[in-house]
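These numbers were taken from a predicted model, which means no experiment stands behind them. Each residue takes its place number in the sequence, starting with 1.
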Amino acid sequence: MSHARSPTVVGVQNFNAHEDAVALREAMKGFGTDEETIIQILTSRSNAQRQAISQAFTHEFGRDIIEDLKSELGGHFEDVIVALMLPPEEYLCKELHHCMEGMGTDEHTLIEILCTRTKKEIAAIVEAYERLYNRPLAEHMCSETSGDFRRLLTLIVTGARDEEAGVDAGRAQEAAQALYDAGEAKWGTDEEVFNKILAHESFAQLRQIFEEYKNISGRTIEQAIKSELDGELKEAMSAIVECVENAPAWFAQRLRKAIEGLGTEDKTLVRIIVARAEIDLGGIKEEYERIYDKTLNSDIEQGETSGDYKRALVAILGPA
């Protein structure tokens, strides 16, 4: 991906899974729950460390820590803690499954999860999805989407992106010309050309293609996509382009949408903060402040989240 790693959660040195498991059992045993200990331990450990705690908990007490946490906690606070406890790809599978089940499909979530991930991350999600739901992700997704949008997501999910090839300036120029010819240069748009290039080329190669596009067209690829495409395909393509150029800024904007307006989109808020915590949440915080002139921490502190839910989110974010 195009950004330096900037995690806010890196795990702890001198980690002891057994000690953490015992402390968490104590926090949940008997009358009342010690939420503070749960937040303090689980928001500061890395996901790999949390998996070790989960195993130690089962080994020591013969219990499933996620089930215990679910029975003690509630509401959005429970959502944050359970999200932290799941392996990242399993958590994202649950989110994908949820956004496709039942009436209607939440395309925004499909785009957020699938258009912003590396090939390796996608492969882990695809493997976990079939294991968890006994059904290929591509098949489930095809039944819930249509047209060029479906074709784009299918290419991404089937691992079409070539992340092995280095950046090739000559090929980048050809691809930029092909995009120009398929869109701005003609009446109507050949979506298939856009799909092919944006789903197959590596993020590094796409960055070069978008530079070349500007030279050919005099406009940015974002401007072209916004004027040439519409609906979900436009949103998906824009997500890919923006993540190639600056993924933290794209996530910062998505967080802002989730926080402002009537009612917080809690699922989105939790998912981005938890899923990006060990990747680029530090960069997302910086971009948020740059774009909106206020910190993400302060917007969450002053927003509609409250209690342990708010405390857990702020703990993952780290100092403002």
Side-chain angles (χ1 to χ4, degrees), residues 1-8 47 83 87-100 105-129 137-138 141 145 149-163 194-195 197-207 209-210 221-222 225-226 229 232-258 265 267-288 291 296:
M1 302 297 265
S2 60
H3 48 82
R5 289 184 69 79
S6 51
T8 60
N47 192 277
E89 63 279 6
E90 287 191 17
Y91 170 54
L92 292 174
C93 284
K94 279 190 163 20
E95 294 292 295
L96 283 169
H97 192 260
H98 181 267
C99 85
M100 292 189 286
T105 298
D106 172 5
E107 285 88 1
H108 306 302
T109 300
L110 278 180
I111 290 168
E112 179 209 303
I113 295 175
L114 298 174
C115 293
T116 62
R117 281 346 192 246
T118 62
K119 182 173 182 168
K120 196 171 155 201
E121 289 167 326
I122 294 285
I125 290 169
V126 166
E127 186 276 320
Y129 200 91
L137 172 59
M141 205 178 59
T145 53
F149 178 57
R150 172 165 71 191
R151 280 192 276 281
L152 174 67
L153 292 187
T154 303
L155 284 171
I156 291 171
V157 163
T158 51
R161 201 173 294 295
D162 176 7
E163 287 181 358
F194 276 79
N195 265 355
I197 293 171
L198 270 81
H200 279 96
E201 301 292 353
S202 71
F203 276 61
Q205 179 73 2
L206 284 173
R207 203 168 309 122
I209 292 169
F210 300 158
I221 189 78
E222 283 101 320
I225 283 169
K226 290 195 164 91
L229 305 171
E232 290 115 13
L233 185 64
K234 174 167 87 175
E235 192 187 328
M237 295 262 178
S238 296
I240 293 171
V241 170
E242 288 174 41
C243 283
V244 163
E245 293 179 343
N246 186 343
W250 187 85
F251 282 107
Q253 290 166 64
R254 183 117 165 93
L255 279 171
R256 176 73 167 188
K257 282 196 195 92
E265 287 176 43
K267 242 176 153 23
T268 303
L269 184 60
V270 171
R271 185 173 55 247
I272 294 177
I273 289 177
V274 170
R276 306 306 294 186
E278 290 184 53
I279 303 171
D280 56 1
L281 189 53
I284 293 170
K285 283 161 60 179
E286 279 168 30
E287 289 297 329
Y288 193 96
I291 300 167
L296 178 55

A side-chain contact here means heavy atoms from C-beta on lying under 4.5 Å apart; do [X] and [Y] qualify?
{"X": "Leu137", "Y": "Met100", "answer": "yes"}
{"X": "Ile125", "Y": "Pro88", "answer": "no"}
{"X": "Leu233", "Y": "Asn195", "answer": "yes"}
{"X": "Ile113", "Y": "Arg271", "answer": "yes"}
{"X": "Phe251", "Y": "Thr116", "answer": "yes"}
{"X": "Lys267", "Y": "Glu95", "answer": "yes"}
{"X": "Glu235", "Y": "Glu107", "answer": "no"}
{"X": "Ile221", "Y": "Leu206", "answer": "no"}

Give the intermediate values and the outcome of side chain to side chain contact (heavy atoms under 4.5 Å, CB included) for residues Thr268 and Lys257.
CA-CA 9 Å; Thr268 303; Lys257 282 196 195 92; over 6 Å; no
Is there a donor-acceptor contact under 3.5 Å from the side chain of [X] to the main chain of [Y]?
{"X": "Arg5", "Y": "Ile279", "answer": "no"}
{"X": "Glu163", "Y": "Thr118", "answer": "no"}
{"X": "Arg117", "Y": "Ile122", "answer": "no"}
{"X": "Gln205", "Y": "Ser202", "answer": "no"}
{"X": "Arg207", "Y": "Val244", "answer": "yes"}
{"X": "Asp106", "Y": "Thr109", "answer": "yes"}

What distance do [X] atom [atom1] and [Y] atom [atom2] have between them, rounded to the nearest 0.5 Å?
{"X": "Glu90", "Y": "Asn47", "atom1": "CD", "atom2": "CG", "value": "9.5 Å"}
{"X": "Leu296", "Y": "Arg256", "atom1": "CG", "atom2": "CZ", "value": "10.0 Å"}
{"X": "Phe210", "Y": "Glu222", "atom1": "CZ", "atom2": "CD", "value": "7.5 Å"}
{"X": "Leu152", "Y": "Met237", "atom1": "CG", "atom2": "CE", "value": "5.0 Å"}
{"X": "Ser238", "Y": "Leu229", "atom1": "OG", "atom2": "CG", "value": "8.0 Å"}
{"X": "Leu281", "Y": "Glu286", "atom1": "CG", "atom2": "CD", "value": "10.5 Å"}

Looking at every non-hydrogen atom in both residues, tell me the closest pair between [X] and [Y] and how far apart they are.
{"X": "Leu255", "Y": "Ile284", "answer": "CD1-CG2, 3.7 Å"}
{"X": "Leu110", "Y": "Thr105", "answer": "CD1-CG2, 3.8 Å"}
{"X": "Ala239", "Y": "Trp250", "answer": "CA-NE1, 3.5 Å"}
{"X": "Ala128", "Y": "Glu89", "answer": "CB-CG, 3.8 Å"}
{"X": "His200", "Y": "Leu155", "answer": "CE1-CD2, 3.8 Å"}
{"X": "Ala236", "Y": "Phe149", "answer": "CB-CE1, 3.8 Å"}

Name the residue from Ile156, Val157, Thr158 that meets the side chain to side chain contact (heavy atoms under 4.5 Å, CB included) definition with Thr154.
Thr158
Within a radius of less than 6.0 Å around NE2 of His108, do more than 12 heavy atoms belonging to other residues, nucleotides or ligands occur?
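No, NE2 of His108 has 12 or fewer neighbouring heavy atoms, counting only those of other groups under 6.0 Å.
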